Amino acid sequence: MPVLRERTLALLAPREGEVFVDATCGLGGHAAMIAGRLGKRGVVVLNDLDPSHLPIAQERVRRACPERQVPQIETIHGSFALLGDRLIKRGIRCDMLLADLGFSSDQVDDPSRGLSFREDGPLDMRLDPTSGVPASVLVNELPEQELADLIYRFGEERASRRIARRIAEARQISPIETTGQLSILVRGVLGGTRGRIDPATRTFQALRIAVNDELGALERLLGAIESQGAMDPGDARRWLAPGARVAIIAFHSLEDRPVKRAFRRMREQGVCELLARRAVQADEREIAQNRRARSARLRAIRLSTPGEGGCEAVGERPDTPSL
């Protein structure tokens, strides 16, 4: 179930005939919601790092639209860090861009992907199973100090040195190849549960971020969005139209902080306006229906159009939740 559905729809405000790009389409939940507003003259671009998602999302978008009102659908496989160049090559300039930085339930629920410790599976964690190296390579080959730094930086795990030391000791006896092996090692260092989260959560998060270069890709996407805002409207390198709305949904502070900083810089430069004064969060009703929404943070901007002056955060709108 896509998070913050109604708030995303209100902030992006899709109109008939527009071009919508879902940079992380997953199973197509957000795209299907927006596609029905675009009509047959509209365009939906589905991009995802996991190639298995694209046909599922494409079919979901088709089914969500009234008969004879299905927009043109384009699919792109790859990191959103490269999305701008790929849109330019296809001659696409978008009016709306959405990036939901979470991962899909099908990926978490599949033990073979190695993203969860609920069931034992290979220690993989690649969101794109066709490229890159699995987490087992990092766990078994990184020097202990580098492994500790990785767990601290991407997992914000204070016990990173103790965890890395335990992993280094264990891998001398035999390689650590499964999620079960790794989670048992981490729990052995940290002991019982830490409130509502499993002790292995931060270590798994750190490895997943590193394996998929999630923060590096996000920084490149944000840099591309910033450069688009500063470009001349007629520049052939533009893939975001003047006045384009951009929304990003983050799920932890390591993602949300760079988004907040980038959008603030763009506002200060006068190349965008904030569509929400603060990060939008789910209400209690949505959290009760979808626990994943509990940590979601939505930020959104609108790029300036020619002739606009400095940009302030927009005021509250009738169709936008109070922030």
Side-chain angles (χ1 to χ4, degrees), residues 8 11-15 18-25 30-31 34 43-49 74-101 127-128 209 212-250 253-280 297-314:
T8 301
L11 291 174
L12 289 179
R15 296 185 287 268
E18 288 192 317
V19 178
F20 168 66
V21 174
D22 193 332
T24 52
C25 69
H30 283 115
I34 289 172
V43 178
V44 173
V45 179
L46 303 171
N47 181 86
D48 205 273
L49 196 56
E74 299 269 347
T75 61
I76 300 175
H77 168 226
S79 170
F80 54 50
L82 306 173
L83 183 55
D85 291 339
R86 290 170 175 172
L87 292 173
I88 292 171
K89 288 179 181 179
R90 297 191 185 206
I92 296 173
R93 183 177 287 192
C94 69
D95 302 295
M96 294 167 287
L97 173 73
L98 172 65
D100 178 340
L101 304 180
L127 298 179
D128 181 356
I209 289 173
N212 297 288
D213 188 27
E214 293 177 25
L215 297 183
L218 176 59
E219 290 285 4
R220 291 192 290 276
L221 175 65
L222 292 170
I225 293 169
E226 287 190 65
S227 66
Q228 289 287 296
M231 278 185 188
D232 184 273
D235 196 311
R237 296 169 297 169
R238 283 203 73 140
W239 51 273
L240 282 172
R245 289 85 72 198
V246 177
I248 298 180
I249 302 174
S253 59
L254 292 174
E255 296 172 337
D256 187 51
R257 280 196 295 263
V259 175
K260 180 180 180 179
R261 288 196 297 264
F263 285 0
R264 180 186 294 160
R265 282 195 304 269
M266 293 179 67
R267 178 190 176 189
E268 291 170 350
Q269 294 163 7
V271 299
C272 81
E273 64 179 351
L274 304 180
L275 294 178
R277 294 183 183 277
R278 294 182 291 276
V280 178
R297 302 288 185 274
L298 166 64
R299 298 185 187 274
I301 59 172
R302 183 181 71 85
L303 298 189
S304 301
T305 55
E308 288 184 334
C311 298
E312 297 297 326
V314 299

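Counting begins at 1 with the first residue of the sequence. Quantities reported herein were computed from a predicted structural model and do not represent experimental measurements.
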Please walk me through it: do L83 and L97 pass side chain to side chain contact (heavy atoms under 4.5 Å, CB included)? CA-CA 11 Å; L83 183 55; L97 173 73; 4.2 Å; yes
Could you tell me if the side chain of L87 sits less than 4.5 Å from the side chain of R93, heavy atoms only? no
Could you go step by step and tell me if V259 and L222 meet the side chain to side chain contact (heavy atoms under 4.5 Å, CB included) rule? CA-CA 7 Å; V259 175; L222 292 170; 4.3 Å; yes
R299 and I248, any side-chain heavy atoms less than 4.5 Å apart: no
Check against side chain to side chain contact (heavy atoms under 4.5 Å, CB included), L218 and E255: CA-CA 8 Å; L218 176 59; E255 296 172 337; 4.3 Å; yes
Taking C-beta and beyond as the side chain, do L303 and R238 meet within less than 4.5 Å on heavy atoms? yes
Is there side-chain contact between D128 and H77, with heavy atoms separated by less than 4.5 Å? yes
Validation row: D95, R15 side chains within 4.5 angstrom (heavy atoms): no
Can you tell if the side chain of V45 reaches within under 4.5 Å of the side chain of R90, non-hydrogen atoms only? no
Side-chain contact, heavy-atom cut-off 4.5 Å: L240 with V21? no
Contacts of D213 meeting side-chain hydrogen bond (donor to acceptor under 3.5 Å, both in side chains) (sequence neighbours excluded), chain-then-number -> R220
Are there over 12 heavy-atom neighbours, none belonging to R257, within less than 6.0 Å of that residue's CZ? yes
